[in-house]
Every structure is written in C-alpha cells, then in structure tokens.
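Below is one structure, written out as structure tokens; comments come after it.
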Amino acid sequence: MARRLRPVELDFVETAPTRLVFAAEVSAPPEAVYRALAEDLSGWPAWFGAVTMCRPTAGGAGREVRLKGGTRFQETILAAEPGERYAYRVDVTNAPGMRALLEEWRLAPAGSGTRVRWTFAAAGPAPLRLALRLARPGLGRAFRDAVRSLDRRLASTAA
C-alpha cells in the first residue's frame, strides 16, 4: 500500500535521524555524470542494478521510480544544479516504515573525473533506523556497483 511521506526540504540531508553517505570516483567529468543522473532518467536501469524503471513526472519536476522487488517511489526534484548536485525527496512509497526520505547526489571535480557522493537521508521509527544501519553495507555495495557501471557506460558513449 502506498503511503504519503512527510515533505522535507534540502536541509534534511544534514538533519535526518539516519544519514548514509557513500562516495566514489569516476573518470567522466561532472557535467556528463550530472546528465546521466538528472537528464537521462530512462537510462538509470542500465547502470543502477536495483532500478527497473525511472521516468520523469510533473513536466520534469518529479520522478517515478521502481526497484527490483516491487518498491515504488513518487518523488519531487528539489535540486538540479548542473555538474554539482541532484536531489529529490520521496513523496509517496510502498516501502514500509519510512516517514521521510531524501537522496542527494553531489558531484565535484576530481582530477579529470568526478567524485560522486550519495547521501541517503531518512526518518522513521527505531526498527527502520536499525534496518537501515544493518543495510548500510549492502547499500554501499549497490552504490559502488552502480557508479562503476555508470563510469563504464559514460566511457563507452564518450568513445
């Protein structure tokens, strides 16, 4: 059953009760990484293994995302700063226990490539917070795998 989450703003990325932060580097420049994140939504399933569908909604102001296993999200894009930041909050989901969720992708030049930092900021009851802490290694692995896959995808399209 889909539930509406508490609407949060960008500051939630710093104040959320649970913050999982992961970082990795890719060889592509920040502008190319940003385009893959924010402009090529339908391409997400090709590089982020957990994503089965990602499409724009609300004239580009939102997203609809589906994950393997059936989890669904309706999101509002809160920041779209080319080459620097892409952030969205989940408004509606069928994921249990979640009260608020915001994800932020920060991009920074790193030599000739990009440092990608993903923050998963969430609020929910104690069992959810515990589950997220226990899921941290798996989420980190999923992030690293996705970023490696994105790096390969961007390298093949640049060639």
Side-chain angles (χ1 to χ4, degrees), residues 1-26 30-31 33-45 47-109 114-147 149-150:
M1 171 179 300
R3 293 176 303 99
R4 183 158 293 281
L5 302 187
R6 177 170 53 102
V8 293
E9 297 303 324
L10 286 171
D11 64 334
F12 187 70
V13 80
E14 299 297 333
T15 63
T18 301
R19 295 176 64 251
L20 305 177
V21 182
F22 307 97
E25 290 188 11
V26 297
E31 296 75 19
V33 177
Y34 178 84
R35 280 192 301 277
L37 290 171
E39 297 171 12
D40 183 19
L41 296 184
S42 64
W44 276 60
W47 59 269
F48 206 121
V51 176
T52 62
M53 188 273 294
C54 185
R55 68 177 185 89
T57 60
R63 305 175 353 146
E64 178 184 356
V65 178
R66 293 187 184 181
L67 304 180
K68 289 180 179 173
T71 303
R72 297 182 312 274
F73 302 105
Q74 291 177 11
E75 303 168 340
T76 296
I77 297 167
L78 298 178
E81 301 166 18
E84 295 178 21
R85 176 166 69 161
Y86 185 59
Y88 43 87
R89 93 171 154 239
V90 174
D91 297 315
V92 177
T93 186
N94 64 344
M98 212 57 81
R99 290 188 185 145
L101 176 59
L102 185 140
E103 294 180 43
E104 178 189 62
W105 297 78
R106 284 276 188 176
L107 310 175
T114 304
R115 179 173 171 78
V116 179
R117 187 182 76 195
W118 177 49
T119 302
F120 183 95
L128 175 76
R129 292 191 308 271
L130 175 62
L132 288 174
R133 280 193 297 277
L134 294 173
R136 180 183 189 81
L139 284 170
R141 192 168 32 262
F143 167 77
R144 288 186 302 278
D145 290 349
V147 170
S149 181
L150 177 60

key: Pair Arg35-Asp40, side-chain contact (heavy atoms from CB on, under 4.5 Å): steps then yes or no   = CA-CA 6 Å; Arg35 280 192 301 277; Asp40 183 19; over 6 Å; no

task = Apply side-chain contact (heavy atoms from CB on, under 4.5 Å) to Leu10 and Arg85, showing your working.
result = CA-CA 11 Å; Leu10 286 171; Arg85 176 166 69 161; 3.6 Å; yes

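Taking each heavy atom of Leu37 and Trp47 in turn, the nearest pair found is CD2-CH2, 3.7 Å. Between Ala16 and Ala121, the shortest heavy-atom distance links the atoms CB-CB, 3.6 Å. The two residues Ala23 and Arg115 come nearest to each other via the heavy atoms CB-NH2, 3.3 Å. When all heavy atoms of Arg19 and Arg136 are compared, the closest pair comes out as O-NH1, 4.1 Å. Between Glu9 and Leu102 the shortest heavy-atom distance is O-CD1, 3.5 Å. Between Gly97 and Pro125, the closest heavy-atom pair is O-CD, 3.1 Å.
Between the side chain of Thr93 and the backbone N or O of Arg72, at least one donor-acceptor pair lies under 3.5 Å. Judged by distance alone, with hydrogens and angles left aside, the side-chain atoms of Arg55 form no donor-acceptor pair with the main-chain N or O of Ser42 at under 3.5 Å. Not a single donor-acceptor pair under 3.5 Å links the side chain of Thr76 to the backbone N or O of Arg89. Judged purely by atom type and a 3.5 angstrom limit, Arg3 has no side-chain atom pairing as donor or acceptor with the backbone of Arg99. Of the possible donor and acceptor atoms, none in the side chain of Trp44 sits under 3.5 Å from a partner among the backbone N and O of Met53.
Here the side chains of Leu101 and Phe12 are not in contact, with every heavy-atom distance at 4.5 Å or above. Between Thr18 and Phe120 there is no side-chain heavy-atom pair separated by less than 4.5 Å. You'll find the side chain of Glu39 reaches within 4.5 Å of the side chain of Tyr34, heavy atoms only. The closest side-chain heavy-atom distance from Arg63 to Leu41 is below 4.5 Å. Between Val90 and Glu75 there is a side-chain heavy-atom pair separated by less than 4.5 Å. Contact check for Leu67 versus Val51: side-chain heavy atoms found under the 4.5 Å cut-off. Taking the side chain as every heavy atom from C-beta outward, Val116 and Leu150 never approach each other to under 4.5 Å. In this structure, the side chains of Val65 and Cys54 come closer than 4.5 Å at one or more pairs of heavy atoms.
A distance of 10.0 Å separates CG of Asn94 from CD of Gln74, quoted to the nearest 0.5 Å. To the nearest 0.5 Å, atoms CG (Leu20) and CD (Glu103) are separated by 10.0 Å. One finds the OH atom of Tyr88 at 10.5 Å from the CD atom of Glu104 (value rounded to the nearest 0.5 Å). Taken to the nearest 0.5 Å, the CD atom of Glu31 stands 7.5 Å off from the OG1 atom of Thr114.
In this structure, Trp118 has its ring center under 6.0 Å from that of Phe22.
Each of Val21, Val8, Thr119 was checked for a side-chain contact (heavy atoms from CB on, under 4.5 Å) with Val13, and the lone residue meeting it is Thr119.
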